[in-house]
Q: 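Quick one: this structure, given as structure tokens, is what I'll be asking you about.
The structure presented is a predicted model; accordingly, all values stated were derived computationally and were not measured.
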Amino acid sequence: MPELPEVEVVRAGLERHVTGSTIALVEVLHDRPVRRHPGGASGFAAALTGRRIEGARRRGKYLWLPLDNGDAILGHLGMSGQLLVQPVDTPAERHLRVRFALAGTEPGRRDLRFVDQRMFGGLSVSEGGAELPPEIVHIARDPLDPEFDDDAFVARLRKRTSGVKRLLLDQTLVSGVGNIYADEALWRTGLHGERPGDRLTRAQAVALLGNARTVMGEALAQGGTSFDALYVNVNGESGYFDRSLHAYGRENEPCDRCGTPIRRVAFMNRSSYFCPRCQPVPRRRSARV
DNA sequence: CAGCTTACCTGCCGGC
DNA sequence: TGCCGGCAGGTAAGCT
């Protein structure tokens with residue numbers, strides 16, 4: 001499950017290894033990953049064959065490769081997606097979905113391959129999307145983005161009545177925060193995920209954002225070194241998980257701060273983990289204002 | 001229109 | 001052994 005730090009590692013690897021390459025051939029092995037492309041698999045291949053890749057960019061967990069005609073290949077790794085740069089004679093991966101044969105600047109013929117077991121992810125051609133694909137203009141910047149507006153985020157967060165975990169996962173407020181990092185940021189801040197946004201103090205909101213940024217930054221620092229190889233090969237198994245998680249996945253284990261067993265509750269068809277002592281369940285909003 | 005739920009997808013794992 | 005339900009989760013679409 002690639003979180004934002006892993007996606008950024010993929011982006012950096014793609015920028016380094018496919019920029020300047022020309023797409024000689026496109027092979028779509030499964031329709032689902034190109035479902036968002038209106039022209040279907042054949043249109044997808046036709047629109048990309050012969051194009052030159054100009055770089056690799058990212059907004060939240062979306063990636064795009066600007067092309068020489070102003071379009072872009074827009075992609076999302078979903079839950080299990082990988083973008084691999086492989087020598088052309090590498091045997092097909094079990095879940096290989098799309099293969100781009102590259103003719104390029106580096107010696108040796110290489111493929112760019114989209115591999116995805118569960119196919120929540122996908123690729124599409126974004127017309128005119130080289131600068132910023134119109135399909136993702138609603139996606140907010142992420143906390144590691146230098147242009148992320150802290151004050152605007154804090155102000156918006158504090159106007160919303162939803163629980164703050166739901167808000168952390170709202171891509172129009174902030175991107176790149178998944179279930180794991182949301183739980184970790186809340187644990188560090190000592191906030192329960194069901195506390196309404198409009199019941200946070202400004203200081204709490206600022207601290208929460210800071211902690212989200214710290215968690216993601218630490219993961220990026222660790223992941224960024226281990227994947228700096230010749231080929232982009234990120235499988236989502238971040239070594240960061242085992243070492244540094246305080247809440248996520250630790251049901252019944254003692255809280256690293258106070259020793260109280262971590263609890264797990266269902267939330268949005270998934271799980272939330274929290275310390276019931278450090279992150280007390282908020283009192284219900286009173287009926288009258 | 002904010003808020004919330006559901007669908008999408010496959011592999012793994014525990015229970016029977 | 002093999003089947004089956006539950007679980008994992010980012011995002012968009014479709015409800016209220």
Side-chain angles (χ1 to χ4, degrees), chain A residues 1-8 10-11 29-38 58-64 74-83 93-98 114-124 126 133-143 153 155-186 193-200 212 215-216 219 234-238 240-242 245 247-252 263-273 282 284-285:
Chain A
M1 56 202 99
E3 295 262 356
L4 180 129
E6 287 83 44
V7 178
E8 171 55 24
V10 172
R11 187 208 63 76
L29 293 94
H30 198 297
D31 283 342
R32 175 143 186 92
V34 297
R35 65 192 177 280
R36 291 183 66 187
H37 187 76
R58 180 180 65 75
R59 169 71 64 97
K61 294 181 186 174
Y62 280 94
L63 294 164
W64 73 96
L74 177 62
H76 196 290
L77 301 179
M79 290 297 304
S80 52
Q82 298 170 269
L83 279 166
E93 291 77 9
R94 174 161 179 203
H95 300 294
L96 178 62
R97 308 305 188 189
V98 180
F114 182 71
V115 177
D116 191 5
Q117 174 206 115
R118 289 157 70 179
M119 295 188 288
F120 274 42
L123 302 175
S124 60
S126 175
E135 295 90 339
I136 60 169
V137 294
H138 65 288
I139 302 289
R141 294 180 186 274
D142 66 79
F153 170 77
R156 291 180 70 192
L157 189 77
R158 295 186 65 221
K159 284 179 182 165
R160 299 281 294 268
T161 60
S162 292
V164 67
K165 178 165 178 181
R166 188 183 292 276
L167 298 174
L168 282 177
L169 300 175
D170 183 337
Q171 301 296 298
T172 66
L173 289 175
V174 57
S175 67
V177 182
N179 196 45
I180 297 171
Y181 293 163
D183 279 1
E184 291 303 305
L186 289 165
E194 288 173 18
R195 179 172 297 251
D198 64 359
R199 294 185 67 179
L200 292 180
V215 170
M216 297 166 81
V234 174
N235 59 17
E237 295 292 324
S238 171
Y240 175 79
F241 290 175
D242 295 340
L245 297 186
Y248 182 84
R250 298 195 62 223
E251 184 177 19
N252 296 326
R263 287 193 51 200
R264 180 177 79 91
V265 296
F267 171 78
M268 288 172 76
N269 288 326
R270 56 211 67 192
S271 295
S272 286
Y273 298 86
R284 287 187 57 87
R285 189 187 298 268

Q: For a quick check of understanding: with a heavy-atom distance under 4.0 Å over all strands, which category does Arg35(A) fall into, base, sugar-phosphate or nothing?
A: nothing
Q: Measuring to OP1 and OP2 of dC4(B), would you say a side-chain N or O of Arg166(A) lies under 4.0 angstrom away?
A: yes
Q: Could you tell me how far apart Arg118(A) (CZ) and dG10(C) (C1') are, to the nearest whole angstrom?
A: 10 Å
Q: Is there a side-chain contact between Arg32(A) and the phosphate of dC9(B), meaning an N or O under 4.0 Å from OP1 or OP2?
A: yes
Q: In whole angstrom, give the distance that lies between atom CG of Leu169(A) and atom C1' of dT11(C).
A: 11 Å
Q: Looking at CZ of Arg58(A) and CZ of Arg11(A), how far apart are the two atoms once the value is rounded to the nearest 0.5 Å?
A: 7.0 Å
Q: Could you tell me the separation between the CD1 atom of Ile139(A) and the C1' atom of dA12(C), rounded to a whole number of Å?
A: 10 Å
Q: Would you mind reading off the distance between Met119(A) atom CE and dG11(B) atom C1', rounded to a whole angstrom?
A: 12 Å
Q: Could Arg166(A) and Glu194(A) be called an ion pair, given the rule that one side-chain N must be under 4.0 Å from one carboxylate O?
A: no
Q: Under 4.0 Å from OP1 or OP2 of dT11(C): is there any side-chain N or O of His76(A) that close?
A: yes
Q: Roughly how far, to the nearest 0.5 Å, is NE2 of His76(A) from CZ of Phe114(A)?
A: 10.0 Å
Q: Give Asn269(A) one of three labels, base, sugar-phosphate or nothing, depending on what nucleic acid heavy atoms sit under 4.0 Å from its own.
A: base
Q: Between dA13(C) atom C1' and Arg36(A) atom CZ, what is the distance in whole Å?
A: 12 Å
Q: Report, as yes or no, whether the 6.0 Å neighbourhood of atom CZ on Arg141(A) holds more than 12 heavy atoms from other residues, nucleotides or ligands.
A: yes
Q: With respect to the phosphate group of dG11(B), does any side-chain polar atom (N or O) of Gln117(A) fall under 4.0 Å of OP1 or OP2?
A: no
Q: Base, sugar-phosphate, or nothing for Phe267(A), non-hydrogen atoms under 4.0 angstrom?
A: nothing
Q: Does dG10(C) have its OP1 or OP2 closer than 4.0 Å to a side-chain nitrogen or oxygen of Tyr181(A)?
A: no
Q: What is the distance from atom OG1 of Thr172(A) to atom CZ of Arg156(A), rounded to the nearest 0.5 Å?
A: 5.0 Å
Q: Can you measure from CG (Leu4(A)) to CD1 (Ile180(A)) and round to the nearest 0.5 angstrom?
A: 12.5 Å
Q: So does Asp142(A) pair up with Lys61(A), basic N to acidic O under 4.0 Å?
A: no
Q: Taking 4.0 Å as the cut-off, does a side-chain nitrogen or oxygen of Arg270(A) come that near to OP1 or OP2 on dG10(C)?
A: yes
Q: Taking the minimum atom-to-atom distance to the side chain of Gln171(A), which one of dT6(B), dT11(C), dA8(C) wins?
A: dT11(C)
Q: So does His95(A) get a side-chain nitrogen or oxygen closer than 4.0 Å to the phosphate oxygens (OP1/OP2) of dC9(B)?
A: no
Q: Output the rounded distance in Å from CZ (Phe120(A)) to P (dT6(B)).
A: 15 Å
Q: Please tell me if Thr161(A) has a side-chain N or O lying less than 4.0 Å from either OP1 or OP2 of dA2(B).
A: no
Q: Report yes if a side-chain nitrogen or oxygen of Ser80(A) is closer than 4.0 Å to either non-bridging phosphate oxygen (OP1 or OP2) of dC9(B); otherwise report no.
A: no
Q: Choosing from dG3(B), dG10(C), dT5(B), which nucleotide comes nearest the side chain of Lys61(A)?
A: dG10(C)
Q: Atom NE2 of His138(A) to atom P of dT11(C): distance rounded to whole Å?
A: 9 Å
Q: Can Ser80(A) and Arg118(A) be counted as having a side-chain donor-acceptor contact under 3.5 angstrom?
A: no
Q: Measure from CZ on Arg58(A) to C1' on dG10(C) and round the result to the nearest Å.
A: 15 Å
Q: What pattern of brackets, bars and dots sums up DNA chain B from 5' to 3', given Watson-Crick or G-U wobble pairs under 3.5 Å, [ ] for crossing pairs and | for another strand?
A: .|||||||||||||||
